[in-house]
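These numbers come from a predicted model, not from an experiment. Naming convention: chains lettered A, B, ... in sequence-line order (proteins, then strands); numbering from 1 in each chain.
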Amino acid sequence: MKIKFLEEKIMNILMIISIILVISFLGSILWTVIKKGIPVLSWDMISKLPGGGFYIGKEGGILNAIVGSLYIVGGATLIGLLISIPVVFYINIYLKKTHFLAKFARLTYDVLFGIPSIVYGAFGFTIMVFLGLRTSLLAGIIVISLLIIPIFIRSMDEVTKQLPRELLEVSYSLGATRLETLKIVIRQIAPGIATATFLSIGRAIGDTAGVMFTAGFTDNIPTSLNQPAATLPLSIFFQLSSPSDDVQNKAYAAALLLTIIVLILSILGRLFLYKFSKNKIS
Amino acid sequence: TKNDDPNNNTNEIQISGAFALYPMVVKWAEEFKKENPEVRIDISGGGAGKGMTDVISGIVDLGMVSRELHKEEIKKGAYSITVAKDAVVATINENNPGLDHIKKIGLKKEVASKLWNNTISYWNQIDKSSKNNYPIRIYTRADACGAAETWAAWINKKQEDLEGIAVYGDPGVASAVQKDKFAIGFNNIAYVYDLKSQKPYKGLTILPIDINNNGIIDKDENFYDDLKMLLKAVSEKKYPSPPARNLYIITKGKPIKPIVVKFLKFVLSKGQKYTLENGYVALSEEDRKEELKKLN
Amino acid sequence: MSRLKWRIFKDKFAEKYMLLITVASILLLFLIGIGLYAKSIPVLDNFPLSELLFSSQWKPLKGQFGFLPFIYGTLSVTMLSVLFALPISLLTSLYITEKSHRTMKKIIFPVLDILAGIPSIIYGVWGVLIIVPWISDYLGPKFSDFTSGYSVLAGGIVLGVMIIPILISLFVEVLSNVSQDLKDASISLGATHWQTSKFVVLRRAFPGILAAIVLSISKAFGETIAVVMVCGNVPAKPTSILDSCYPLPALIANNYGEMLSIPNYESALMFAALILFMIILIFNVGARIILQKVEAKYIL
Amino acid sequence: MQSFINNRLLFDSKKMKSKISQSFLPNNKFGEIHNPFSIKIKNFNLYIKDQHILKDINVEIPNRKITCIIGPSGCGKTTLLKSINRLTDTIYKVKITGNILVDNEDIYDKNVEITHIRKKIGLLSQRPTPLPMSIYDNITYGCKIHGVRGRKKLDQIVEYYLKAVGLWEEIKNRLHTSASSLSIGQQQRLCLARGLAVEPEFILGDESTSALDPISSNTIEKLFLDLKKEYGIVLVTHTLTQALRIADNVIFMYLGEIVEQGEAQEVFNNPKNVLTQKYLSGAFS
Amino acid sequence: MQSFINNRLLFDSKKMKSKISQSFLPNNKFGEIHNPFSIKIKNFNLYIKDQHILKDINVEIPNRKITCIIGPSGCGKTTLLKSINRLTDTIYKVKITGNILVDNEDIYDKNVEITHIRKKIGLLSQRPTPLPMSIYDNITYGCKIHGVRGRKKLDQIVEYYLKAVGLWEEIKNRLHTSASSLSIGQQQRLCLARGLAVEPEFILGDESTSALDPISSNTIEKLFLDLKKEYGIVLVTHTLTQALRIADNVIFMYLGEIVEQGEAQEVFNNPKNVLTQKYLSGAFS
Ligand SMILES: Nc1ncnc2c1ncn2[C@@H]1O[C@H](COP(=O)(O)OP(=O)(O)OP(=O)(O)O)[C@@H](O)[C@H]1O
Ligand SMILES: Nc1ncnc2c1ncn2[C@@H]1O[C@H](COP(=O)(O)OP(=O)(O)OP(=O)(O)O)[C@@H](O)[C@H]1O
Ligand SMILES: [Mg+2]
Ligand SMILES: [Mg+2]
């Protein structure tokens, strides 16, 4: 009897310690970003295109990268959802759990999940060269989609697998087709979709290597899918490799901005999905 | 057939390649756009090889390259134009216990060769007068890059032969040396000198090269006090090459797209005056003329 | 009746469409695999496979391609990072799901989203500014004469911190799907919170947890830029966790852009990618087999 | 044509009359001449992981009658009901032989389209399972699938069926809150209302009153008695008095087999099989 | 000291006797002089999201008696049972006033250690919830937690309690398969066995026979009657005849209030409150 309370106490302490560890790790990263970013973050940074002096610490902002990142992440997330929801649904609802294709598909996405983005970048680049395409927004979106689809699928799949079977039975016995049952499944896994989406957005918006080879970089805002596009991580990457502290600080400003964008997306998305998930059965 | 290429008549220039040249080209592009507002220039980094591959496979118009071209590359049609110069220098920590004396002796080529070969591991192997046998910590670059290639070329090696702790990126090496009393590394000039104050960054000092190999840094070997002096020495070729190096912009074959030619001409004329403030070395007058000829 | 037919048609059509997408996405894997193989043919033709895999000599420009140090580097950094991140994430997610209030969840989720969204280069910078000096100044001297701090350990910690948000998000998702009825059942038998977590929650969620771990290991295998910045990049087999190392993705990232135009070199890099691909593949096949055994045991 | 809905339910039918004078679903069976159909189960066997769960089931279930299935816990009643709806699809490692004919279609035929059969056969599952949405959406879910549109009509349907199962008064103020916050008995009635709202032709109720107090059960029993004028009804029940009250036919199952079947009066008063005798006497003793 | 277990159950007690001559749990209550305790609920109110679910509950539940709670579906019976076990902790947006004293400890006191109280009060939940493990592990789960070790002893416990709830014969061959593959009724009995195996002092059963056929229910009723010699028992039931058969005391709830409480005979024969009268007559009619 005593042992179990002791165990409980110890585990409680361990949990608190890990929470503190996580918070302090993450806090120190955020702190680094915020401390270095706040002093240089200004309205000009957000609202202006870079001037040529920008790189050496003079004027201009990173509007190009903000817009480019949003384009790429938006496009890739859209494509990612359009492709991964059907796949998740197919391997969970249409196929039996033991079906060969379902097992094989899961394995495939696990492997795709682990492929480094530089390989996706290289792969995309090779194909572009092969097809004679130029670096462009479109190529960036496609490569980033490839990169995040496995994240989408695997994290949604994990949640969908937990779906109570009774739920499906009820829907079927009301005469719904499997496709119509999707509506219910989506409600139940909405938080899972949210998590998946943010993991993917996270990876998409922070990825450097995938876009460096395919979307290129530019100081302008792309006006068509065929033009290259700048991205925040690349802009951070370029600026961090500058000799001047001023410029490096701008990289932190960009990182802070990226953080803020992710925060806004996250809160909006969670609010939106909360609407769906509040009826989730537990 | 090239003249029929509709691409040739647009006002767009796409550039990719070495990070070493990236800030300079960004500046040039901005100035060029002031004169020609209708032009759109997209510049991205990615590395010299990327610029090379892009140009050869026609993905971009211009490539930035920070190393000498390989024969295969020239065979495949790479056409290089030197647009600026740059130099790599040896850096040590400001608080090195034997700083003053070491700076007097300088760095001989053969010593450098042994250092990055890992055959010297204590400071007093270089500086006999130093009493303490402090360890030497040798830094090199992790990423394949022109700076390391150039530094290796000076001691007749390849980048892959350089031993030492490999750190990612120019700023990485600079800050590693800044933090480590016993460090020695190498950097592009721009990462050593503060462009505003013209002096080396706090914590960093340049270890002069003993060019004539006489065991002491003579007066005319000592031009590291401020950025201007060093750049002048590079431009006058007093500082050996390598570790000074040419920076190239390449095209696929001789450039014919009008807007590209116009841009390159701008770079080789008015553009040269922006080099200094960005930490690069302008071409000498005759070099400049030579390169301009390549465009006609 | 026509409405019914229409609905059934939609269902059938969707089935075909989904099948198509699923198969196409599976083909992508093959495409990448084949692409990597095709690109590595030049090195594979010129050097025996055993030399490529088991030699430690890495001098590409002299024609020596030994990938062994990189394979070692990859495995050691990845393993260390998972060992480091796993207990922390698991305990944290248990705390979040089982103990904390819903308001805490509302705060913690956006925070995790952000952390997952911070580009890896920032993690790298953080590692260089904080972890590397910590190792070289405080931790290292206690265990060895000299360490620069750029080490397997630094790589493991930075990578671990990077996968923590992923692990936690997935864990929390899986754990919070364990129904309240179950926990209530256990608690009303007189189990403590921790016992309930240990015997019921973790057990129920075990397949999910295992899958999340597999995912995060896969991710750790492939993570690049942050590791490049802190692991020292010395192409030699590390003998302790304070030694520098050089994982495969770092090799690719360091050289890909610059060496793109040198055929043999590019091919060697693509072969590195192929090795990585195979490591991930083998790891996942193994994990799947285990996972299946586990799931068969815990089937609902 | 006069719809059945006007008078099929006891509660408050006068008030409903003016509003709803026909079935809610479009293209419903009442628009055409309806040919009542039956369910025929022939030599049906079901195995799960080598266990023989249902053994050689042969039975015909008539329309417009209430058929009660009784039998000890674990004898296979639920599995039988699920088989009629082919919900066995979702079970892991299941093997099936024999056929079940619904409306003369073999639902275990590979080529058969199961969706419309499922619509005809409403299964009310034993464990009440609210869908992860609001109470209102739970009820309208099936209707929407089958093409009912329009806020007003849906409102009517919700009110109508919630009243039918005696739930309206209790929850009319929280129609838009989550269905899983209901008490179990409320959930059970909700699921019943949801199942009825799609207007199936057969209703399979798996212990549909198990979580209900006597008064609510009574409401539901009356509802079933009324529904049988238009529907075929199969009820699994443990309350033998309930079976006695409402069953036309009774099926007694034991360890996966149908031991006895026949008219309710016959089975209850003159059980032929020893097992049935024992079970009934044990139960009534 | 002679353990109660030898004779407290009707089934097969002679055979068990030789094997188990004392309680299974270490340090159990039977080793010392046992002082039976009661549960006192005082001015207890419970709100969920501004809804007043339980209204000013005042009741004392004696030990060694069977107290039945009856009342229409949704009146708050389950919530009341959960409150006694403080399982309300997990409900979202819940507000509680008043106290519940178990063994003279206020379980809603901030400083109280709830785990040992929960051990004393076994709640058998309304929806049978097998834990995600084998049948065997389900039953031994609680025992292991409370420190029972040894394969042989555990085997005995499993057999003993499965026999007690009448499940042994049905499933003895599949003790090591997943508990969730049982039928609902089997699950319900399993959960009962699991709850009893930790030997609580009070048993709160929430419709513990709702999914059972009459014979199984009978077994369980007898079990409860026997258990009351040592335990305090609270049962929620919808089967009034069941309450009639086994209850010592009856509590009638309506819309979150306790409308009437007292001795079973008294309440059933002379209900004082109009609502009770109505409910009972409606139910028995
Ligand atoms: N989480 C919740 N949110 C809102 N209302 C709730 C919640 N849980 C229960 N209720 C409401 O509280 C009331 C009492 O519920 P409870 O489950 O205690 O009823 P019950 O008497 O056990 O009914 P039954 O016999 O149907 O099981 C019901 O009206 C129910 O809808
Ligand atoms: N997935 C499964 N795996 C193994 N056995 C199963 C599975 N599902 C059901 N069974 C077994 O099949 C038998 C019949 O189960 P079923 O649920 O049909 O019983 P039931 O008659 O509905 O009982 P109850 O009245 O308790 O609900 C039971 O013995 C049960 O344990
Ligand atoms: Mg059943
Ligand atoms: Mg209840």
Side-chain angles (χ1 to χ4, degrees), chain D residues 48-49 51 53 70-79 91-93 125-129 166-167 169-171 173-174 177-178 181-189 206-207 209-219 236-241 243 253 255 278-285, chain E residues 48-49 51 53 70-79 91-93 125-129 166-167 169-171 173-174 177-178 181-189 206-207 209-219 236-241 253-255 278-285:
Chain D
I48 302 178
K49 285 187 214 146
Q51 278 193 57
I53 306 279
I70 58 175
S73 160
C75 68
K77 305 178 293 295
T78 300
T79 313
I91 304 177
Y92 187 54
K93 285 200 181 161
S125 70
Q126 188 171 6
R127 197 196 274 267
T129 313
L167 200 56
E169 288 302 321
E170 285 167 57
I171 59 172
N173 297 324
R174 44 192 273 217
T177 60
S178 164
S181 72
L182 292 177
S183 84
I184 308 284
Q186 288 166 337
Q187 288 182 11
Q188 196 166 43
R189 285 175 284 163
D206 200 350
E207 300 188 29
T209 60
S210 66
L212 299 184
D213 63 296
I215 295 182
S216 310
S217 294
N218 232 316
T219 317
V236 168
T237 181
H238 283 316
T239 323
L240 294 181
T241 50
M253 290 182 70
L255 292 181
K278 256 179 142 174
Y279 186 77
L280 291 176
S281 66
F284 291 130
S285 70
Chain E
I48 301 179
K49 286 184 212 144
Q51 278 191 56
I53 307 282
I70 58 174
S73 160
C75 68
K77 303 180 295 296
T78 301
T79 312
I91 304 176
Y92 186 47
K93 285 198 181 160
S125 74
Q126 188 169 8
R127 203 194 268 268
T129 315
L167 201 56
E169 287 303 320
E170 285 167 58
I171 57 173
N173 297 323
R174 45 192 273 217
T177 60
S178 161
S181 69
L182 293 175
S183 83
I184 309 285
Q186 289 166 336
Q187 289 182 10
Q188 197 164 42
R189 284 174 286 162
D206 200 349
E207 300 189 26
T209 60
S210 66
L212 298 183
D213 61 297
I215 294 181
S216 311
S217 292
N218 233 313
T219 318
V236 169
T237 182
H238 282 316
T239 323
L240 293 182
T241 50
M253 289 182 69
Y254 192 80
L255 293 181
K278 255 178 142 176
Y279 186 76
L280 291 176
S281 66
F284 291 127
S285 70

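Partners of E:Glu170 according to the side-chain contact (heavy atoms from CB on, under 4.5 Å) rule, which considers only residues two or more places apart in sequence or in another chain, are E:Leu167, E:Gln186, E:Arg189. Contacts of D:Thr237 classified as side-chain contact (heavy atoms from CB on, under 4.5 Å), with partners at least two apart in sequence or in another chain: D:Cys68, D:Ile70, D:Thr239, D:Gln242, D:Ala243.
Counting heavy-atom pairs closer than 4.5 Å to chain D, the top-ranked of the candidates E:Thr78, E:Leu212, E:Asp206 is E:Leu212. Chain D forms the most heavy-atom pairs under 4.5 Å with one residue out of E:Cys75, E:Gly76, E:Gly185, E:Gly166, and that residue is E:Gly185.
In this structure a side-chain-to-backbone donor-acceptor pair under 3.5 Å is present from E:His238 to D:Ala211. Judged by distance alone, with hydrogens and angles left aside, the side-chain atoms of E:Asp213 form a donor-acceptor pair with the main-chain N or O of D:Ser73 at under 3.5 Å.
A distance of 8.5 Å separates CD1 of E:Ile184 from CD of D:Glu207, quoted to the nearest 0.5 Å. In this structure, the separation between OG on D:Ser281 and CD1 on E:Ile215 is 7.0 Å, given to the nearest 0.5 Å.
Heavy-atom distances place no part of E:Gln188 under 4.5 Å from chain D, backbone and side chain included. The contact between E:Ser183 and chain D is made entirely by side chain atoms (from C-beta outward), counting heavy-atom distances below 4.5 Å.
Within the 4.5 Å cutoff, the side chain of D:Gln187 has heavy atoms near those of the E:Arg127 side chain.
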